Structures are given as structure tokens and as C-alpha cells.
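I'd like to ask you about the structure that follows.
Everything numeric here is computed off the predicted structure, so don't read it as measured data.
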Amino acid sequence: MVEDLIKRAARDLTESKHAIALTGAGISTESNIPDFRGPKGIWTLNKEAEAKAYERYELFLNDPRAYWEEIVGLRGTYGKFHGQIREAQPNPGHYALAELEALGILKCVITQNIDGLHKKAGSKRVLEYHGSVNAVRCVSCGSRFAWEEVSLDELPPRCKCGAVLKDDVVHFKEPIPSDVMEESEKEALRCDLMLICGTSAVVYPFANLPRMARYHASRLVLGLDVIGRKTNVKIIEVNADPTPLTDEGVSDYLIQGKTGEVLPRIAEEVKTARLRREY
Ligand code: APR
Ligand code: ZN
């Protein structure tokens, strides 16, 4: 019963010492940003766009000027998608996670989303694992800049260190920026509860994070025979569909539903319980 699982999640969160949240595109569909692999997902509906997405990083490496000309031109799917993202507003799912942080329960949100909606909803500690549409990053020194700080008069734009700048969004085949990756792995190995919201959990290396929490194994040994050394970290999924984490028993339970409906009810339950000092 979803109701019972919501109460269970609220109890688990209240009893946790270091809870973190992991999120994916599913948490932003109720903000009118399509996900990728759901029934109405961008890749589900447009295989060509998915194939093109696998070529973007190579284009940047081989011809950064052409890459930037495309960005500036904001042509094709890329432009339309980013336009939708910039107009979007957080939904109750984002606000619920911000509230759980404000209550001192959630220590951070690690998101695959590039839409910046967690920060817009008031979450303070957000690790943007796949970057953000709101920033530009130096591929050499790792510095990040707001778009307003970067002159696009000459393409490709360059960092103070002289290296080429890239929009912060992380493409397929592109390495995850080391600062975000290290911080996220530290959190995955440190947490005693992981709340995973709106992700199909099929994209790596992000999908390693729940397994690192479940087996307290670093990325390097995952895949080796770590089964049997399970930790008692509480791993809870909130998703419209089961994922490989559900099927493999990496998560303890799945609350099947919409994040925009389930997460606010969990936050409500936590607050009510606190008031009643039931837990
Ligand atoms: N509430 C709960 N779950 C939802 C909702 C919702 N409102 N809307 C969609 N979902 C579920 C879908 O059923 C699916 O299981 O969220 C999941 C979204 O999965 P994906 O579309 O695969 O998105 P994500 O896991 O974030 O993708 C990872 O892949 O394409 C790349 O870089 C991109 O960051 C992205 C990465
Ligand atoms: Zn630099």
C-alpha cells in the first residue's frame, strides 16, 4: 500500500543521521520537461536525437568552434529542449526535497538534471552530476562561469587560463567533472539513507552511486563479487516504474507513483510526526 510505504519512508528519514537524495528527469516531468526513457521520453520518441546526442562531445573535441556556433544558433532539438528548461518552474516534488533539507533531514541532493530546478526550489546543497544549463565550464581548470560572464563575440570562448570553455552540460562519453564526482561518491559512501527519485537508473557512472551505498564498495571494485557484503543503508526509490535497482534488490523498497505527489506527502508525514513526537 502506497500509504504505508509513505509512513515507512517518513519514519526511516526521521531516524536517519545522514540522508541524501538522488534525482533524475522523472522529478521534472511535472514541470513540463520531458524525461528521456519514459513513455513520452525524448529518446523514446526521437531515436535520431539520441544518436546525435552521442556525437556532441566528439564535435566539441574535434571542432569547438562549430560546436559553439551550433549552441549560439540554438538550432534543432538542442535549442528547443534548452528553451523549455529555462522557462520551467519547480514542482511540489522539488519543494518537498528542499523542505526536507530545511528540516535538517536531507544533507544534499545529487541530481542528473541540468535544469537547475532544485536550486530554484530552494535546495542549498545540490550536486549537479551532469552539469547545468545555467553555467559554462573550463575543460582544463574546471572553473565555472554564469553565461553573462562569458563573451561570445569570438568562438570558441576561452577561460582566463587560456583553455576552451564548454557549456557545463555533460554529454554522453564526456567525463563527469572530477569535483562533482568525488563529492557525490563521498556522499554515497557516507549516507545511511538514500532517497532515489524519478530516475530509470540505467546511466553510468551515476547508477553506480546506489550500488556504492549498498555495498560500500568504491567504483573500482563494483562489478567484482561484492554480493553478500550488503550494508544496512536504507535505499528508497520513488518512481513511476520499477528500475534495475528494484529488480536487483539494491533498493529496500519502491514507492510507485509520481514524485510530485509522493514526496510532499512524505514531507508532510515527517512534519506531522515531529509535531506529534511520535517517532
Ligand atoms: N514521477 C515519478 N517517476 C517519473 C515521473 C514522475 N512524475 N515521470 C517520469 N518518471 C520516471 C520514468 O518512468 C523513468 O523511469 O522517471 C524515470 C526517468 O528516467 P530517464 O528518462 O531515463 O531519466 P534519467 O534517469 O534522469 O536519465 C539519466 O540519461 O539521457 C541521459 O543525461 C541524461 O541525465 C540523463 C540521464
Ligand atoms: Zn580554465
(request) Just grab all the salt bridge (charged side-chain N to carboxylate O under 4.0 Å, His left out) pairs involving residues 188-206, residues at least two apart or on different chains. (result) Glu187-Arg190
(message) To the nearest 0.5 Å, what is the distance between OH on Tyr253 and CD1 on Ile236?
(response) 3.5 Å
(request) For the residue pair Leu100 and Leu13, establish whether any side-chain heavy-atom pair is separated by less than 4.5 Å. (result) yes
(request) Give, for atom OG1 of Thr243 and atom CD of Glu248, the distance between the pair rounded to the nearest 0.5 Å. (result) 8.0 Å
(request) Can you see which heavy atom on Pro210 is nearest to which on Ile235, and at what distance? (result) O-CD1, 3.6 Å
(message) Taking CG in Asn232 as the centre, count heavy atoms belonging to other residues, nucleotides or ligands within less than 6.0 Å. Is the count above 12?
(response) no
(message) For Ser200 versus Pro244, what's the shortest heavy-atom pair and its separation?
(response) O-CD, 3.3 Å
(request) Please check if the side chain of Thr111 supplies one atom and the backbone of Leu22 the other of a donor-acceptor pair under 3.5 Å. (result) no
(message) Heavy-atom count check: over 12 atoms from other residues, nucleotides or ligands less than 6.0 Å from Glu154 CD?
(response) no
(request) Taking the side chain as every heavy atom from C-beta outward, state whether Arg86 and Asp115 have any pair of such atoms under 4.5 Å apart. (result) no
(message) Salt bridge or not between Lys186 and Glu183? Use side-chain N to carboxylate O under 4.0 Å.
(response) yes
(request) For Glu58, enumerate each residue passing the side-chain contact (heavy atoms from CB on, under 4.5 Å) test, keeping only those at least two apart in sequence or located in another chain. (result) Asn62, Lys173
(request) Any chance you could measure Asn113, atom CG, to His94, atom NE2, to the nearest 0.5 Å? (result) 6.5 Å
(request) Enumerate the residue pairs fulfilling salt bridge (charged side-chain N to carboxylate O under 4.0 Å, His left out) with a member in residues 33-48, sequence neighbours excluded, ordered by first and then second residue. (result) Lys47-Glu50
(request) Check whether any side-chain heavy atom of Val170 sits under 4.5 Å from a side-chain heavy atom of Val180, and report yes or no. (result) no
(request) Could you tell me which residues satisfy side-chain contact (heavy atoms from CB on, under 4.5 Å) with Ala51, sequence neighbours excluded, listed by chain and number? (result) none
(request) Look at the side chain of Ser31 and the backbone N and O of Ile33, then say whether any donor-acceptor pair between them is shorter than 3.5 Å. (result) no
(request) Verify the cluster assignment for Trp43 and Val202: are they in a single hydrophobic cluster under the rule of side-chain heavy atoms below 4.5 Å apart? (result) no
(request) Please say whether more than 12 non-hydrogen atoms of neighbouring residues, nucleotides or ligands are located less than 6.0 Å from NZ in Lys258. (result) no
(message) Test your reading of the model: is there a side-chain donor-acceptor pair from Arg214 to the backbone of Val233, 3.5 Å cut-off?
(response) yes
(message) Taking Ala213's backbone N and O only, do any of them form a donor-acceptor pair with Thr231's side chain (distance below 3.5 Å, no angle check)?
(response) yes
(message) Could you tell me if the side chain of Pro242 sits less than 4.5 Å from the side chain of Asp247, heavy atoms only?
(response) yes
(request) Give a yes or no on whether the backbone of Gly26 and the side-chain of Thr29 come within a donor-acceptor separation of less than 3.5 Å. (result) yes
(request) Give the C-alpha distance, both sets of side-chain angles, the deciding distance and a yes or no for salt bridge (Lys or Arg N to Asp or Glu O under 4.0 Å) between Lys271 and Glu268. (result) CA-CA 5 Å; Lys271 284 189 294 179; Glu268 269 322 301; 3.0 Å; yes
(request) Compare every heavy atom of Ala188 with every heavy atom of Met212, then report the nearest pair and how far apart it is. (result) CB-CB, 4.4 Å
(request) Before giving the answer on side chain to side chain contact (heavy atoms under 4.5 Å, CB included), spell out for Cys138 and Cys161 the whole-Å C-alpha distance, their side-chain angles and the decisive distance to 0.1 Å. (result) CA-CA 9 Å; Cys138 172; Cys161 75; 3.6 Å; yes
(message) For Phe206 and Tyr129, take the angle between the two ring planes, folded into 0 to 90°, and tell me which bin it lands in: parallel under 30, tilted 30 to 60, perpendicular over 60.
(response) perpendicular
(request) Can you measure from CD (Glu128) to CD1 (Ile110) and round to the nearest 0.5 angstrom? (result) 12.0 Å
(message) If hydrophobic clusters are built by linking Ile, Leu, Val, Met, Phe, Trp and Tyr wherever their side-chain heavy atoms come under 4.5 Å apart, do Leu5 and Val262 end up in the same one?
(response) yes
(request) Using the rule that two of Ile, Leu, Val, Met, Phe, Trp, Tyr join whenever any of their side-chain heavy atoms come within less than 4.5 Å, decide whether Val150 and Val72 are in one cluster. (result) yes
(request) Apply side chain to side chain contact (heavy atoms under 4.5 Å, CB included) to Ser251 and Ile196, showing your working. (result) CA-CA 9 Å; Ser251 64; Ile196 307 175; 5.7 Å; no
(message) If we ignore hydrogens and angles and just use 3.5 Å, is the side chain of Trp68 paired with the main-chain N or O of Leu152 as donor and acceptor?
(response) no
(message) A side-chain contact here means heavy atoms from C-beta on lying under 4.5 Å apart; do Cys141 and Cys159 qualify?
(response) yes
(message) One pair to check against side chain to side chain contact (heavy atoms under 4.5 Å, CB included): Arg56 and Glu70. What are the steps and the verdict?
(response) CA-CA 10 Å; Arg56 293 200 57 73; Glu70 186 165 311; 3.0 Å; yes
(request) Please check if the side chain of His216 supplies one atom and the backbone of Leu189 the other of a donor-acceptor pair under 3.5 Å. (result) yes
(message) So, taking the atom named NZ in Lys52 and the one named CZ in Phe172, what distance separates them when rounded to the nearest 0.5 Å?
(response) 13.5 Å
(message) So, using side-chain contact (heavy atoms from CB on, under 4.5 Å) as the criterion, who are the partners of Pro64 when residues are at least two apart?
(response) Phe60, Pro156, Val164
(message) Less than 4.5 Å apart, side chain to side chain, heavy atoms only: is that true for Ile27 and His118?
(response) yes
(request) Using atom types as modelled and distance alone, determine if a side-chain donor or acceptor of Glu30 lies under 3.5 Å from a backbone N or O of Gly260. (result) yes
(message) For the backbone of Gly122 and the side chain of Lys124, can you confirm whether one donor and one acceptor N or O come within less than 3.5 Å of each other?
(response) yes
(request) Determine, using the 4.5 Å side-chain heavy-atom cutoff (strictly less than), whether Leu245 and Tyr215 are members of one ILVMFWY cluster. (result) yes
(request) Give the minimum heavy-atom separation between Gly93 and Leu263, together with the two atoms involved. (result) O-CD1, 3.8 Å
(request) Report the C-alpha distance between Thr23 and Thr199 in whole Å, list the side-chain angles of each, state the deciding distance to 0.1 Å, and finish with yes or no for side chain to side chain contact (heavy atoms under 4.5 Å, CB included). (result) CA-CA 6 Å; Thr23 69; Thr199 180; over 6 Å; no
(request) Hey, could you give me the CG/CD distance between Asn32 and Gln84, rounded to the nearest 0.5 Å? (result) 8.0 Å
(message) Counting C-beta onward and ignoring hydrogens, is there a side-chain heavy-atom pair between Ser16 and Ile105 closer than 4.5 Å?
(response) yes
(request) If a pair satisfies salt bridge (charged side-chain N to carboxylate O under 4.0 Å, His left out) and one of its residues is in residues 136-145, list it, with sequence neighbours excluded. (result) Arg137-Asp168, Arg137-Glu174, Arg144-Asp168, Arg144-Asp179
(request) Looking only at non-hydrogen atoms, find the nearest pair between Pro39 and Leu45 and report the distance. (result) O-CD2, 3.9 Å
(request) Looking only at non-hydrogen atoms, find the nearest pair between Val238 and Thr259 and report the distance. (result) O-CG2, 3.8 Å
(message) Using a strict threshold of under 4.0 Å (side-chain N to carboxylate O), is an ion pair present between Glu269 and Arg11?
(response) no
(message) Are Leu61 and Tyr67 packed together at the side-chain level, in the sense that at least one heavy-atom pair is separated by less than 4.5 angstrom?
(response) no
(request) Taking Thr14 for its side chain and Val270 for its backbone only, find out whether a donor-acceptor pair lies under 3.5 Å. (result) no
(request) Would you kindly confirm whether Val169 and Val126 end up in one hydrophobic cluster when ILVMFWY residues are joined by side chain heavy atoms under 4.5 Å apart? (result) no
